[in-house]
Amino acid sequence: MSLQQYLNKMKINMKYLPVKAHYFLLFAGTAPVLPFLPVYARQQGISPAGIGLIYTVLPFVGLIVKTASGALSDWLRIHRGMFLSAIVVCALGFFSIYFTPAVPQKPSHALAHVKLYCNDSSTSFKHCFSKDKCGQSDFLNSISGNYTTDCEVICDAHETEALNICDAWNVSSVCEGGELNLTASTNLHDNDQEHLCTFFPILDITVAGQELADSTCPTEITINCSMVCDDGSFMNYLDAPVTVPPSTYHELLSYYQFWLYVLTVVIAWCGLGVTVVMSDTICFQVLGDNANKYGEQRMFGSLGWGSLAVIAGALIDYSSSGLPEKDYTPAFVLSLAILFLDLLTATRLEVEGSERHTGTAGSVARLICEPRIVLFVLCCVVVGTSTGILWTFQLMLVEDVAFEWDCHFEALKLLQGLIMGVQCFLGELPFFFLSGWFIKKMGHVNAMSLVIGVFGLRYIIYYTVTNPWVFLPVELLNGFTFGIFYATMTSYASYVAPSGTEATMQGIVGAAFEGIGVAIGGFVGGSLFFTVGGPKMFLYTGIFNMIFSVVHIVLQVLLSRCRPESTLAGGSSSPVGYMPPSESMRPVAAGDADTEDM
């Protein structure tokens, strides 16, 4: 069947509408909060190290919960109850994050390192950056009128230059202890910038309780000093903020506010994970023999995600106008409202019951020992690793490239929003829609090889990007790396699962992808990002994907020759795992031979 014929034969099946509505509302309900959680955590005072810890643990929690929920639902036949309960937990979990208190900021006790510069006409504080720092002049440009600050200063008096200053100021006795302690007032408005260095003129100096009448020096003298000032913005400019988030795991773990945040995020994550597993299981139950139409249902989730992520971002910016921090209230309220609508929609879904099957655990055990199934699960882990890197570090790479391109890149949030929009509307949506036709033509084995290979190509292109706007057309590849992959993963798991173990198999592949894979991606990606940099991290990951894609093809050829047929867990002799294109999906029912319903 040609692509045009496939499209012409589509018509809406009213039986599938609740499934479409559920996918739309579920992902629309999580989009206002889920992508913003890392930046919200940072605003709540959680350090990057703490955020990394959270997002290393979460995938493993998801792995356990997804696998356990799928097996429990199959064993007790409680798919509907598990499904509805998970939506409630997901909604309340995300909304409760809003009420977690911020982690207290601790005093940094950091001293700004400056130089005391003195000549025959004036005395100044001299601060230099080692290289051009993006936005380094923003603070100075914001100053208007007289802007003074008082500073406590400690200078090293062991140097000959320091002794000369002491002599010039007639305070030699004060310097005998090896330190020159003084209090100084400086006018930040009257600064003088020379390339990477800025001079702040000192208005008056007090040493040992006495104000100096003359603080100039007969010759040009520069000494090293450390200081703390009473203006927080000025201290930030000097790279010495007054307060900082807890910097070590020991400090962070001592705050109950951190544990409350972790608890609420874990609850929300578990609720979402179980909901996704049960959603896919129920979707395939509703589709029956038309499993190839899964992508046409799941694409509505991408539509909901892409739409609400953009809307939520705009509402956050609007409600935060004039505020020192972002106000995420609209996002959390919107999430709760939409997930409540999803709960109402989910009650309309027809969840087919079935008799309890004995030997479920044994059937699944025999199935996952099949070499082709093992390879399939391994592929899910590899794609999950690449996806974990993408979800965690892509926007960080975009920021680095954007600021390297233009130090004051003003359209950064617009670009990031457009990237998410292209991923959903131009990537996932059309490929989810065409995934059934695509997998029928290629077969699962070729589809999986293509997905991994395209991931490699995508990441290698990331390495070459210097203009941040180039990211937009590259995101079209998300249709392959997520749309085709996800449809391949879930449809294949549904096909090979013995009767009564559908949720168990969905839990296993989901745990391999979003549990083990995403966790590995976060850990490995974090190590590479902060050692070799973002571009090289994506380059190395891309090369690995290219190599694995070739290895995957070779292994499939060998398996086809060594094990041309396998026995399903249920006992029937049939090709398992990666079947020829003509058998890669369940056949269309006889009544649907002429017209396919969406």
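In this chain, residues are counted from 1 in sequence order. Because the structure is a prediction, the values reported are computed rather than measured.
A pairwise comparison of heavy atoms in A157 and A162 identifies CA-CB, 3.6 Å as the closest pair. Shown here for C229 and T149, the closest heavy-atom pair between the two residues is CB-OG1, 3.7 Å. W405 approaches P468 most closely through the heavy-atom pair CG-CD, 3.5 Å. Taking all atoms of both residues into account, the shortest heavy-atom contact from V103 to G45 is CB-O, 3.8 Å. Nearest heavy-atom pair, G93 versus I267, reported as atom, atom and distance to 0.1 Å: CA-CG2, 4.0 Å. Shortest non-hydrogen contact noted between W169 and D214 is CD1-O, 3.9 Å.
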**Prompt:** Going through the checks in order, is the side-chain contact (heavy atoms from CB on, under 4.5 Å) test met by C217 and N119?
**Reply:** CA-CA 5 Å; C217 302; N119 58 25; 6.0 Å; no
**Request:** Could you go through the side-chain contact (heavy atoms from CB on, under 4.5 Å) check for I165 and V171 one step at a time?
**Result:** CA-CA 8 Å; I165 284 185; V171 292; over 6 Å; no
**Request:** Dump the intermediate steps for side-chain hydrogen bond (donor to acceptor under 3.5 Å, both in side chains) on H113 and S226, then the final yes or no.
**Result:** CA-CA 5 Å; H113 299 289; S226 299; 3.2 Å; yes
**Message:** Run the side-chain contact (heavy atoms from CB on, under 4.5 Å) test on T481 and F485 for me, step by step, so that the C-alpha distance in whole Å, both residues' side-chain angles and the decisive distance to 0.1 Å come before the verdict.
**Reply:** CA-CA 6 Å; T481 58; F485 163 74; over 6 Å; no
**Request:** Check the pair T206 / E211 against side-chain hydrogen bond (donor to acceptor under 3.5 Å, both in side chains), numbers first and verdict last.
**Result:** CA-CA 4 Å; T206 300; E211 184 175 344; 5.0 Å; no
**Prompt:** Between S172 and D167, is a side-chain hydrogen bond (donor to acceptor under 3.5 Å, both in side chains) present by the stated rule, with each step listed?
**Reply:** CA-CA 6 Å; S172 298; D167 291 339; 2.6 Å; yes
**Request:** Just do the ring-ring contact (aromatic ring centres under 6.0 Å, His included) check on F538 and Y462 with the steps written out, would you?
**Result:** CA-CA 7 Å; F538 281 100; Y462 281 174; 5.2 Å; yes
**Request:** Determine, stepwise, if the pair F471 / V401 fulfils side-chain contact (heavy atoms from CB on, under 4.5 Å).
**Result:** CA-CA 10 Å; F471 282 106; V401 172; 4.0 Å; yes
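Annotation: N146, atom CG; neighbour count of heavy atoms from other residues, nucleotides and ligands within 6.0 Å does not exceed 12. At most 12 non-hydrogen atoms from other residues, nucleotides or ligands lie less than 6.0 angstrom from OH of Y463. By the 6.0 Å contact criterion, CD on Q43 is enclosed, its count of non-hydrogen atoms from other residues, nucleotides or ligands being greater than 12.
Between the side chain of Y261 and the backbone N or O of A102, no donor-acceptor pair lies under 3.5 Å. In terms of modelled atom types and a separation under 3.5 Å, the side chain of Q257 and the main chain of P104 share no donor-acceptor contact. The main-chain N or O of D327 is found under 3.5 Å from a side-chain atom of S319 such that the two form a donor-acceptor pair. S335 places no side-chain N or O within 3.5 Å of a backbone atom of A331 that could act as its donor or acceptor partner. Side-chain atoms of D230 come within 3.5 Å of backbone atoms of D150 as a donor-acceptor pair (strictly under, hydrogens ignored). W305 places no side-chain N or O within donor-acceptor distance of the main-chain N or O of C424, the cut-off being under 3.5 Å. Between the side chain of S215 and the main chain of L212, no donor-acceptor pair closer than 3.5 Å is present. A donor-acceptor pair is defined here as one N or O able to donate and one able to accept, closer than 3.5 Å; no such pair exists between the side chain of T222 and the backbone of Y117. In this structure, the side chain of S307 does not engage the main chain of G304 through any donor-acceptor pair within 3.5 Å.
Inter-residue side-chain proximity for M546 and L457 is flagged as met; some heavy-atom pair is nearer than 4.5 Å. Two residues are said to be in side-chain contact when any heavy atoms from C-beta on lie closer than 4.5 Å; E475 and Q394 meet this criterion. The shortest side-chain heavy-atom distance between I46 and L252 falls under the 4.5 Å cut-off. Residues N224 and K115 meet the side-chain proximity criterion, which asks for heavy atoms closer than 4.5 Å. Two residues are said to be in side-chain contact when any heavy atoms from C-beta on lie closer than 4.5 Å; I389 and M537 meet this criterion. Counting heavy atoms from C-beta outward, F139 and N236 have side chains that stay 4.5 Å or more apart. With a 4.5 Å cut-off on side-chain heavy atoms, F199 and N191 do not count as touching. Here the side chains of V265 and I97 are in contact, with some heavy-atom distance below 4.5 Å.
Between the CG atom of L34 and the CG atom of L272 there is a distance of 6.5 Å, given to the nearest 0.5 Å. Distance check: S124 OG to D190 CG gives 10.5 Å after rounding to the nearest 0.5 Å. Note that the CG atom of N545 and the OG1 atom of T385 stand 8.5 Å from one another [nearest 0.5 Å]. With rounding to the nearest 0.5 Å, the separation of OG1 in T148 from CG in N187 is 6.5 Å. Taking CG of L180 as the reference point, atom CD1 of I154 lies at 10.0 Å (rounded to 0.5 Å). The CD1 atom of I205 sits 6.0 Å away from the CG atom of L182 when rounded to the nearest 0.5 Å.
The aromatic ring centroids of Y459 and F455 lie less than 6.0 Å from each other. For F234 and F200, the ring centers are positioned less than 6.0 Å apart.
In this pair, H552 and F548 present their aromatic rings parallel. The plane angle is below 30°, not in the 30 to 60° band. The aromatic rings of Y237 and F129 sit perpendicular to each other, their planes meeting at more than 60°, with 30° as the lower class boundary. Ring geometry, F480 versus F431: the interplanar angle falls from 30° to 60°, so the pair is classed tilted.
Screening Y40, F94, F99 against F332 for a ring pair (Phe, Tyr, Trp, His ring centres under 6.0 Å) leaves a single residue, Y40.
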